[in-house]
Amino acid sequence: MEKVLKKEELFEKRPMLLKVDMPLYGGFIYVRPMTMAEQTQLAELGEKYKESNALTRIKKITLPVISWVLVDPNGEQWFTQEQENEAVEKLAKLPASVVLGLQDKIIEFSGLTEESRQALAKNLMSQGTLPDSL
């Protein structure tokens, strides 16, 4: 990419979306990347539920995260924060292959691979901690 972004383009423009094929349903959906605040919330949820069983972790971490990033073609969220419980219930009824596939795509698209997490942790440790506003 050769374009220099202006401040307004970075902070006011929606990021690109990822088209995720849904072969079991004969179509596709869109997801947006997770924000830094959402990644921080994800880390906090992971810590909170690290000793929980798999079902609890899926219902309290995986499914809410998926609900945060499902969007229409214009980048508008499918579920509001107030609808998160409803979203979790709906997502829990999907085939496991769909949920796990979405999880993998979201992790990769949001830069949450193991390598990127290690780099982020190293970076944050060298700079102190995240600001309280995240």
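Fair warning: this is a prediction, and the values are worked out from it, not measured in the lab. In what follows, every heavy atom counts, from backbone to side chain, and hydrogens, waters and symmetry copies are set aside.
A side-chain donor-acceptor contact under 3.5 Å links Gln39 to the backbone of Ser110.
A single hydrophobic cluster is not seen to contain both Val71 and Phe109; linkage of ILVMFWY side chains at heavy-atom distances under 4.5 Å, directly or through other members, places them apart. Leu100 and Ile29 fall into different hydrophobic clusters, defined by Ile, Leu, Val, Met, Phe, Trp and Tyr side-chain heavy atoms under 4.5 Å apart, directly or through other members. In the hydrophobic clustering of ILVMFWY residues, with side-chain heavy atoms under 4.5 Å counting as a link, Leu17 and Met22 come out apart.
Every pair passing ring-ring contact (aromatic ring centres under 6.0 Å, His included) that includes a residue from residues 27-62 is listed here, sequence neighbours excluded: Phe28-Tyr30.
Judged as a salt bridge (Lys or Arg N to Asp or Glu O under 4.0 Å), and not counting sequence neighbours, the contacts of Glu9 are Lys3.
Taking Ile, Leu, Val, Met, Phe, Trp and Tyr as hydrophobic and joining them when side-chain heavy atoms fall under 4.5 Å apart, one finds Leu55 isolated, its cluster having no other members.
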Requested in this report: Take Glu44 and Lys48, measure what salt bridge (charged side-chain N to carboxylate O under 4.0 Å, His left out) needs, and give me the verdict at the end.
Outcome: CA-CA 6 Å; Glu44 290 169 354; Lys48 181 177 179 179; over 6 Å; no
Step by step, work out the salt bridge (charged side-chain N to carboxylate O under 4.0 Å, His left out) result for Arg14 and Glu76. CA-CA 10 Å; Arg14 292 184 191 259; Glu76 296 294 326; 2.4 Å; yes
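Of the inter-residue distances, the one linking Ile106 atom CD1 with Met34 atom CE reads 8.5 Å to the nearest 0.5 angstrom. Here the OG-CG distance, from Ser67 to Leu102, works out to 11.5 Å after rounding to the nearest 0.5 Å. For the atom pair CG (Asp21) and NZ (Lys105), the distance works out to 7.5 Å, reported to the nearest 0.5 Å. Atom CD of Glu51 sits about 11.5 Å away from atom CG of Asn53, to the nearest 0.5 Å.
Checked by atom type, the side-chain pair Gln81/Trp68 shows no donor-acceptor distance below 3.5 Å.
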